Amino acid sequence: MIIGVPKEIKNNENRVGITPAGVAAFIQNGHEVWIESKAGLGSGFSDEEYAAAGAKIKETGREVWAADMVIKVKEPLAEEYAYFREGLILYTYLHLAAELELTKALVDKNVVAIAYETIQLENRSLPLLMPMSEVAGRMSIQIGAQFLEKSKGGKGVLLGGVPGVAPAEVVIVGGGIVGTNAAKMAIGLGASVTLLDINADRLRQLDDQFQGRLKTLMSNPYNIAKAVKRADLLVGAVLIPGARAPRLVTEEMVKQMEDGSVIVDVAIDQGGSIETVDRITTHSNPTYVKHGVLHYAVANMPGAVPRTSTIALTNVTIPYGVQIANKGHKQAVLDDKALAKGVNVIDGRVTYKAVADAHDYTYVPLETVLQEQKVGIK
Ligand SMILES: NC(=O)C1=CN([C@@H]2O[C@H](COP(=O)(O)OP(=O)(O)OC[C@H]3O[C@@H](n4cnc5c(N)ncnc54)[C@H](O)[C@@H]3O)[C@@H](O)[C@H]2O)C=CC1
Ligand SMILES: CC(=O)C(=O)O
């Protein structure tokens with residue numbers, strides 16, 4: 001199979017879908033890799049390193065998109081939809097529940113769209129989302145700390161306080177990978193940290209893990225409202241896999257926050273979990289102010305630390321990518337239930353229920369599509 005890796009074109013997105021080690025893995029398995037010239041530079045990988053690992057360097061994105069399978073990091077932007085075609089395997093983050101136009105384009109062009117973020121193991125964990133959630137969770141606190149500084153528009157509060165001055169209040173909504181990593185960093189810096197989740201078992205685990213240094217609360221509108229009112233820094237970290245993020249923090253709650261407080265809505269890639277987060281921001285223009293509160297809603301936070309993020313991401317994406325290339329996508333998903341959950345669109349049908357529901361498409365189970373293909377109905 002020919003694998004294509006274009007340069008990312010999203011604002012300040014310096015990650016890349018493959019490392020030289022990943023190229024070597026595909027080559028060892030008998031495949032060919034085309035990579036767009038300079039695609040890896042932002043992550044510190046030169047064309048020469050890719051070529052030494054066996055890749056063919058192509059001058060343009062157009063050439064690379066002609067491959068059998070395109071491996072990316074972020075969802076394609078509108079200018080890339082022109083490259084979609086029947087049978088193309090697209091393997092990347094997609095976040096389709098928040099992306100109607102992209103969903104339409106993939107359906108209309110019969111692309112095989114495999115989303116990193118919905119590949120799910122039997123224990124319900126999301127192995128291809130996890131490393132980027134670790135990065136974004138950790139970053140949410142360093143970003144929050146930075147924007148709490150007066151010169152950045154914040155209220156001028158140091159997260160850890162100092163002896164004789166209370167630390168900042170950090171409130172995290174969602175106690176999964178992002179939430180846990182945010183809590184780790186905030187506690188490490190000496191902040192007073194409260195975390196809310198709807199899963200009581202998860203709250204129990206976190207209570208054990210942090211040994212009394214984390215206040216846990218059941219997530220409900222009453223507790224969220226009380227916690228948000230006190231927050232200097234609010235982190236949105238909820239997820240219902242594949243679905244649009246639930247809007248748990250209302251505009252009324254945000255109005256109760258003090259001026260100069262900061263919101264970092266990490267869940268923006270799934271549409272955002274805070275009502276006043278009404279736009280996606282970028283690394284070059286990361287915040288806006290609403291009701292006196294700074295809002296940060298960058299959908300590709302790990303793109304700011306591309307060297308760490310590219311290596312962490314490709315550590316987990318490439319083994320599945322090699323399975324797809326070795327077996328073809330149909331056999332690969334039949335052999336691996338976790339990978340099968342990644343298939344969001346195939347053959348013009350939406351095969352991930354939360355995505356179909358978000359956009360009023362008919363949900364067709366993947367098994368039905370594969371069976372129809374086998375007996376030649378479609
Ligand atoms: N902006 C960015 O650059 C990035 C965004 N993300 C996003 O961050 C979000 C969180 O990801 P993960 O932590 O990996 O997900 P996760 O699945 O590990 O954790 C989500 C948590 O939300 C909780 N939850 C669900 N409904 C809730 C409710 N009503 N109230 C409180 N908690 C609730 C779940 O119980 C779970 O513990 C996702 O949308 C993910 O795509 C991840 C990486 C980078
Ligand atoms: C998860 C995601 O969307 C990102 O890492 O950019």
Side-chain angles (χ1 to χ4, degrees), residues 8 10-17 72-75 92-99 115-121 123-140 143 171-184 194-206 216-225 227-228 234-249 263-274 277 280-283 286 296-306 308-310 312-314 316-317 354:
E8 295 295 317
K10 200 175 176 111
N11 182 288
N12 274 285
E13 182 51 78
N14 285 301
R15 287 173 289 177
V16 61
K72 271 178 59 57
V73 178
K74 290 308 286 182
E75 69 282 353
T92 187
Y93 284 123
L94 288 168
H95 304 292
L96 292 183
E99 292 280 350
Y116 293 163
E117 74 277 5
T118 63
I119 292 177
Q120 189 170 34
L121 300 174
N123 68 6
R124 304 188 62 74
S125 68
L126 303 162
L128 275 57
L129 182 60
M130 202 177 281
M132 295 304 95
S133 292
E134 289 164 343
V135 171
R138 289 173 188 214
M139 281 183 69
S140 67
I143 285 162
V171 172
I172 302 165
V173 185
I177 305 300
V178 169
T180 305
N181 280 276
K184 212 177 262 182
T194 303
L195 182 147
L196 301 98
D197 201 291
I198 34 159
N199 180 340
D201 284 337
R202 184 69 196 138
L203 293 179
R204 259 179 219 113
Q205 288 164 3
L206 290 169
T216 57
L217 281 177
M218 178 49 67
S219 172
N220 57 49
Y222 180 86
N223 283 344
I224 293 175
V228 167
L234 171 64
V235 177
V238 293
L239 175 66
I240 297 165
R244 202 213 167 283
R247 287 249 161 100
L248 300 176
V249 177
I263 292 175
V264 177
D265 196 359
V266 184
I268 183 64
D269 58 349
Q270 293 289 142
S273 59
I274 289 149
V277 173
I280 294 177
T281 63
T282 60
H283 287 289
Y296 174 101
V298 173
N300 59 331
M301 292 170 66
V305 286
T308 303
S309 299
T310 290
L313 177 64
T314 56
V316 291
T317 53

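For ligands, and for the atoms within them, numbers begin at 1 and follow the listed sequence. Note that the structure is a prediction, hence the values are computed from the model and not measured.
In D269, the part holding a heavy atom less than 4.0 Å from any atom of ligand 1 is the side chain. Here N300 has backbone heavy atoms under 4.0 Å from ligand 1, and that is the only part of it that gets that close. Proximity of A299 to ligand 2, defined as any heavy-atom pair under 4.0 Å, is confined to the backbone N, CA, C and O atoms. At a heavy-atom cutoff of 4.0 Å, ligand 1 is contacted by both the backbone and the side chain of V178.
At the shortest separation from atom 5 (O) of ligand 2 among protein heavy atoms lies R15 NH1, 2.8 Å. Nearest non-hydrogen protein atom to atom 18 (O) of ligand 1 is I177 N, 3.0 Å. Protein heavy atom closest to atom 30 (N) of ligand 1, with residue, atom name and distance, is S219 OG, 2.7 Å. Summary of contacts: the protein heavy atom closest to atom 44 (C) of ligand 1 is A136 CB, 3.5 Å. At the top of the distance list for atom 24 (N) of ligand 1, counting protein heavy atoms only, stands I198 CG1, 3.9 Å. Shortest contact from atom 3 (O) of ligand 1 to any protein heavy atom: M301 N, 2.7 Å.
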side-chain contact (heavy atoms from CB on, under 4.5 Å) between E99 and L94: does it pass, once the steps are laid out? CA-CA 8 Å; E99 292 280 350; L94 288 168; over 6 Å; no
Applying side-chain contact (heavy atoms from CB on, under 4.5 Å) to T282 and N12, what does each step give before you reach the verdict? CA-CA 8 Å; T282 60; N12 274 285; over 6 Å; no
As a quick check of understanding, evaluate side-chain contact (heavy atoms from CB on, under 4.5 Å) for V178 and T180, giving each step before the final call. CA-CA 6 Å; V178 169; T180 305; over 6 Å; no
H283/E13 under side-chain contact (heavy atoms from CB on, under 4.5 Å): CA gap, chis, key distance, verdict: CA-CA 9 Å; H283 287 289; E13 182 51 78; 5.9 Å; no
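Residues L203 and L195 form a side-chain contact, since some pair of their non-hydrogen atoms from C-beta on lies under 4.5 Å apart. Looking at V266 and V264, their side chains come closer than 4.5 Å, going by heavy atoms from C-beta outward. Here the side chains of T314 and V316 are not in contact, with every heavy-atom distance at 4.5 Å or above. Contact of the Y93 side chain with the M132 side chain is registered, since non-hydrogen atoms from C-beta on lie closer than 4.5 Å. Using a 4.5 Å heavy-atom cutoff, the side chains of L126 and P241 are in contact.
The closest approach between any non-hydrogen atom of A245 and ligand 1 is not below 4.0 Å. Contact analysis puts M132 in contact with ligand 1, with a non-hydrogen atom separation below 4.0 angstrom. Remark: distances from the non-hydrogen atoms of A237 to ligand 1 include one below 4.0 Å. Contact between V298 and ligand 1 is present, with at least one heavy atom of the residue lying under 4.0 Å from the ligand.
To the nearest 0.5 Å, the span separating CG on N300 from OG on S309 amounts to 10.0 Å. From L128, atom CG reaches atom CD1 of I119 across 4.5 Å, with rounding to the nearest 0.5 Å. A distance of 7.5 Å separates NZ of K184 from CD of E134, quoted to the nearest 0.5 Å. Taking CE of M301 as the start and CZ of R138 as the end, the distance is 13.0 Å to the nearest 0.5 Å. Here the CD1 atom belonging to I263 is positioned 5.0 Å from the CG atom belonging to L234, to the nearest 0.5 angstrom. Residue Q205 holds its CD atom at 11.5 Å from OG1 of T216, rounded to the nearest 0.5 Å.
Applying the 4.0 Å criterion to heavy atoms of L129 picks out, from ligand 2, the atoms 1 (C). Close approach of ligand 2 to M132 is summarised as follows: ligand atoms under 4.0 Å from at least one heavy atom of the residue are 5 (O). Heavy-atom contacts of D269 reach the following atoms of ligand 2: 1 (C), 2 (C), 3 (O) (cutoff under 4.0 Å). When each atom of ligand 1 is checked for a heavy atom of P302 under 4.0 Å away, the hits are 3 (O), 44 (C). Close approach of ligand 2 to P302 is summarised as follows: ligand atoms under 4.0 Å from at least one heavy atom of the residue are 5 (O). Near L248, the atoms of ligand 1 lying under 4.0 angstrom from a non-hydrogen atom of the residue are 28 (C), 29 (N), 30 (N). Atoms of ligand 1 lying under 4.0 Å from any heavy atom of Q270, numbered from 1 in the order shown and given with element: 39 (O). Atom numbering of ligand 1 starts at 1 in the shown order; those under 4.0 Å from a heavy atom of G176 are 13 (O), 16 (P), 18 (O), 19 (O), 21 (C), 37 (O).
Considering backbone and side-chain N/O of I240, none are found under 3.5 Å from N/O of ligand 1. The distance criterion of under 3.5 Å between nitrogen or oxygen atoms is met by S133 with respect to ligand 1. Ligand 1 has no N or O atom lying under 3.5 Å from any N or O atom of R202, backbone or side chain. Distances between N or O atoms of V173 and those of ligand 1 include no value under 3.5 Å. When only interatomic distances are considered, the shortest N/O to N/O separation between V266 and ligand 1 falls below 3.5 Å. Below 3.5 Å of separation, one finds an N or O of L239 facing an N or O of ligand 1. For A299, a nitrogen or oxygen atom sits less than 3.5 Å from a nitrogen or oxygen atom of ligand 1, counting backbone and side chain alike. Of the polar atoms of H95, at least one N or O is found under 3.5 Å from an N or O of ligand 2, judged by distance alone.
Remark: side-chain polar atoms of E117 are not paired, donor with acceptor, to backbone N or O of G242 under 3.5 angstrom. The main-chain N or O of A297 is found under 3.5 Å from a side-chain atom of T281 such that the two form a donor-acceptor pair.
For atom 2 (C) of ligand 2, the candidate residues are K74, E8, K10; the nearest heavy-atom contact is made by K74. Of the candidates D197, V238, T180, it is D197 that places a heavy atom closest to atom 35 (O) of ligand 1.
Exactly one residue among L239, T118, L313 makes a side chain to side chain contact (heavy atoms under 4.5 Å, CB included) with L129. That residue is L239.
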